[in-house]
2 protein chains.
Amino acid sequence: MKELKLNPLPSACCTLDISGKEQDKLVKMFKALGNPLRFEIMKFLVTHPGCITSDIVDYLPIAQATVSQHLRVLREAGWIEGTVDGPATSYCLHEDNITWFRNQIKVIF
Amino acid sequence: MKELKLNPLPSACCTLDISGKEQDKLVKMFKALGNPLRFEIMKFLVTHPGCITSDIVDYLPIAQATVSQHLRVLREAGWIEGTVDGPATSYCLHEDNITWFRNQIKVIF
DNA sequence: CAATTATATCGTATATTTACGATAAAGGAG
DNA sequence: CTCCTTTATCGTAAATATACGATATAATTG
């Protein structure tokens, strides 16, 4: 059997080898982090793990309702986890999903 | 001189150690890739480097004007490069910026 | 129970994004 | 020069994102 010689692609600087639900999840994570205030919230959570919403409200120059909305976006994208703690909600980075993200990036970039 | 013993933070699953213009650039890249069609364009460019706009228009289910708009967003975020080639424009991944992105991710995640 | 604290959600206004058709601009072919 | 191809940009409509104040909910305090 003769081997077909396929035109080899010039080796690209990344593979972006991902599809389906995993791609959807990754794109959603990109989108959530593609907002300056949400990125700041993530940075704040690195240095203030377990802090509550009002800590973030005090830190950022936006209204409580807006912070709550951004927290929801980050949570639904999988970046953070909220734990109800009495009347407050305590937020942390979602370590499993962040590890998943790191590994995906390693594979596709 | 006595060393102040600071409360060590529980080691986080990422550092997000970035700020200023670099953070702005990274957030912009996240935002650009946080759109399903733009992610598809990036994937297409991995396997079709140097293709022209009309190739992408044929590939995607959206109008030529919309593709051109998405290409502009990707270009302004630094993901791709366009080269005018006769009446057409040939697009490639922007290798330097992608390398920059990969290194930033390595540092902060 | 009443008051306080903390937060999510609702309703809504404004801004941005996304999409399209139409058109302009620029190069190549006849 | 005229026609064709290719693409970017303009104008604009529709959808989505972002922001806020007001309000609802739920736990704690006095």
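Hydrogens, waters and symmetry mates play no part in the numbers below; they use all other heavy atoms, side chains included. Order of the sequence lines fixes the chain letters, A, B, ..., with proteins taken first and strands second; residue numbering starts at 1 for each chain.
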Rounded interatomic separation in angstrom, taking CZ from B:R75 and C1' from D:dT7: 11 Å

A:I41 side, atom CD1; A:H70 side, atom NE2 - distance, nearest 0.5 Å: 6.0 Å

Length of the line joining B:D55:CG and D:dT5:P, which is rounded to integer Å: 15 Å

Whole-Å gap separating C1' (C:dT17) and NZ (B:K28): 15 Å

Side chain proximity check, B:Q104 to B:M29, heavy atoms < 4.5 angstrom: no

Side chain proximity check, A:D24 to B:P36, heavy atoms < 4.5 angstrom: no

Letter per nucleotide, 5' to 3', of nucleotides 15-27 of chain D [B base touched, S only sugar-phosphate touched, - untouched; heavy atoms, 4.0 Å]: --SBBBB-----S

Atom-to-atom span, CG of B:L74 to C1' of D:dT7 - whole angstrom: 16 Å

Contact check, side chains of B:S68 and B:Q64, non-hydrogen atoms, under 4.5 Å: yes

Sugar-phosphate, base or nothing in reach of B:S68, heavy atoms under 4.0 Å: base

Side chain to side chain, B:I108 and B:L26, heavy atoms closer than 4.5 Å: yes

Phosphate-side-chain proximity, B:R72 and D:dT9, N/O vs OP1/OP2 below 4.0 Å: yes

B:F30 and A:F39 aromatic ring geometry - parallel, tilted or perpendicular at 30°/60° bounds: tilted

Rounded distance in Å - CD1 (B:I52) to P (D:dT5): 13 Å

Proximity to the side chain of B:T53 - top-ranked nucleotide from C:dT7, D:dT6, D:dA8: D:dA8

A:S54 vs C:dT5: side-chain N/O to OP1/OP2 distance below 4.0 Å: no

With a 3.5 Å cut-off and sequence neighbours excluded, list the donor-acceptor pairs that the side chains of residues 83-101 of chain B form with protein atoms.
{"from": "B:S90", "atom 1": "OG", "to": "B:G50", "atom 2": "O", "distance (Å)": "3.0"}
{"from": "B:H94", "atom 1": "ND1", "to": "B:N97", "atom 2": "N", "distance (Å)": "3.3"}
{"from": "B:H94", "atom 1": "NE2", "to": "B:N97", "atom 2": "ND2", "distance (Å)": "3.4"}
{"from": "B:N97", "atom 1": "OD1", "to": "B:K25", "atom 2": "NZ", "distance (Å)": "2.8"}
{"from": "B:N97", "atom 1": "ND2", "to": "B:G78", "atom 2": "O", "distance (Å)": "3.1"}
{"from": "B:T99", "atom 1": "OG1", "to": "B:E95", "atom 2": "O", "distance (Å)": "3.0"}
{"from": "B:T99", "atom 1": "OG1", "to": "B:R102", "atom 2": "NH2", "distance (Å)": "3.2"}

Under 4.0 angstrom between A:T89 side-chain N/O and C:dA8 OP1 or OP2: yes

Distance test, side-chain N/O of B:Y91 to OP1/OP2 of D:dT6, below 4.0 Å: no

Gap between atoms CG and C1', on B:L60 and C:dC20 respectively (whole Å): 15 Å

